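All remarks here apply to the structure that follows.
Every value quoted in this text rests on a predicted model; they were computed, and no experiment measured them. This chain uses plain numbering: 1 for the first residue, then up along the sequence.
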Amino acid sequence: MATATTTATPTLIGSVRRALRLLESAGSHPDGATAKQLAREAGLPLPTAYHLLRTLTYEGYLRRERGVFVLGEAVERLGRSEALQNRRSRIADSLGHWRDIVGAPVYFAIYHEGEIDLVAVADSAASPAIDEWADFRETAHAHAIGQCLLSQLTPAERRDHLCRHPVRPLTPHSVPDSGALLERLSSLGRMEPVLERQEYALGTVCAAVPVTVGCTAAAVAISIPFEEQERLLPAVERLHREIGALLTSLAFSISI
């Protein structure tokens, strides 16, 4: 006996589909379009179009100006969100590429609104990332990422940060006080990589490369076990070259 083969039909919400068609039509008119024009292009009865347009306007997806409808801020936020995800994806791809090249976990951080923001990390089972046992935001003085970001700030911005997050040694190798830290930061050359050895965590050495685009301070860093510390300088030099090549190609964005 033959068995009938059925294909499941997805449940579609008609009002959502009609609203999306109106948004698509509105998006094709940068200077705006009337309700009648949008209804005609979307293939909708005018009363239905009016109802949906009012709802879309109330929710911020459309804006009515001088009798025509244009895309609203809610649509713009969706676009910015998509662009943000695309940028984060490119950053993750870059970090993974550098991790494979240098054979060490790679970190990307920015200085945002007065705080250290660890944006992304690329590691592996063979080369795991360092355990964040002390909050990176509060211990910028003790790790290469933080020192690298602080080195890109103005003296006033550094002092403000250290007033909010005072220097406190985390290991016997940590910088002892704010005066010693500020002296170290002021001695660094512009865009010079920053190295720290067991200042944040015993058994680990780290290096960070400064990345500055516009007014945003950023850093890309690596960490290596202390017993392999001879790899640190060659690895960070290779990382520095790779970052320079990628920035030159404009394939990397830190506007997040």
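- In R231, the CZ atom is crowded: over 12 heavy atoms of neighbouring residues, nucleotides or ligands sit closer than 6.0 Å.
- Under a 3.5 Å cut-off, the side chain of R158 and the backbone N or O of S151 do form a donor-acceptor pair.
- One hydrophobic cluster holds both I243 and V236 under the rule that ILVMFWY side chains link at heavy-atom gaps under 4.5 Å.
- Looking only at side-chain heavy atoms (C-beta outward), E157 and Y111 stay at 4.5 Å or farther from each other.
- Distance check: Q229 CD to T204 OG1 gives 11.0 Å after rounding to the nearest 0.5 Å.
- Shown here are the side-chain contact (heavy atoms from CB on, under 4.5 Å) partners of P30, two or more places apart in sequence or in another chain: there are none.
- More than 12 non-hydrogen atoms from other residues, nucleotides or ligands lie less than 6.0 angstrom from CD of E237.
- The OG atom of S25 sits 11.0 Å away from atom CG of L20, with the distance rounded to the nearest 0.5 Å.
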Yes or no on side-chain contact (heavy atoms from CB on, under 4.5 Å) for L162 and L182, after CA distance, side-chain angles and deciding distance? CA-CA 10 Å; L162 296 178; L182 291 173; 3.8 Å; yes
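- Q198 places a side-chain N or O within donor-acceptor distance of the main-chain N or O of G203, the cut-off being under 3.5 Å.
- No path of Ile, Leu, Val, Met, Phe, Trp and Tyr side chains, each step under 4.5 Å between heavy atoms, connects L232 with V121, placing them in separate hydrophobic clusters.
- The line from CZ of F226 to CG of L202 is 9.5 Å long, rounded to the nearest 0.5 Å.
- A donor-acceptor pair under 3.5 Å is formed between the side chain of H141 and the backbone N or O of R168.
- W133 places a side-chain N or O within donor-acceptor distance of the main-chain N or O of Y200, the cut-off being under 3.5 Å.
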Would you be so kind as to tabulate the donor-acceptor pairs closer than 3.5 Å made by side chains of residues 99-110, with sequence neighbours excluded?
residue	atom	partner	partner atom	Å
R99	NH1	D123	O	3.2
Y107	OH	I130	N	2.8
Y107	OH	S223	OG	2.7

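- Under a 3.5 Å cut-off, the side chain of R21 and the backbone N or O of A42 do form a donor-acceptor pair.
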Can you check side-chain contact (heavy atoms from CB on, under 4.5 Å) on L62 and L53, steps first, answer last? CA-CA 7 Å; L62 290 175; L53 290 170; 3.4 Å; yes
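- Across all non-hydrogen atoms, the minimal contact from Q147 to V194 is OE1-CG1, 3.7 Å.
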Let me see the working for S174 and T171 under side-chain contact (heavy atoms from CB on, under 4.5 Å), right down to the final yes or no. CA-CA 5 Å; S174 300; T171 78; 3.5 Å; yes
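- The local environment of NE2 in H173 is crowded, with over 12 non-hydrogen atoms from other residues, nucleotides or ligands closer than 6.0 Å.
- Here Y50 is tied into one hydrophobic group with L46, each link being a pair of ILVMFWY side chains closer than 4.5 Å.
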Between C148 and Q152, is the side-chain contact (heavy atoms from CB on, under 4.5 Å) condition met? List the steps. CA-CA 7 Å; C148 187; Q152 299 174 63; 4.0 Å; yes
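- Atom CD of E199 sits about 9.0 Å away from atom CG of L181, to the nearest 0.5 Å.
- Between the side chain of S187 and the main chain of R184, a donor-acceptor pair closer than 3.5 Å is present.
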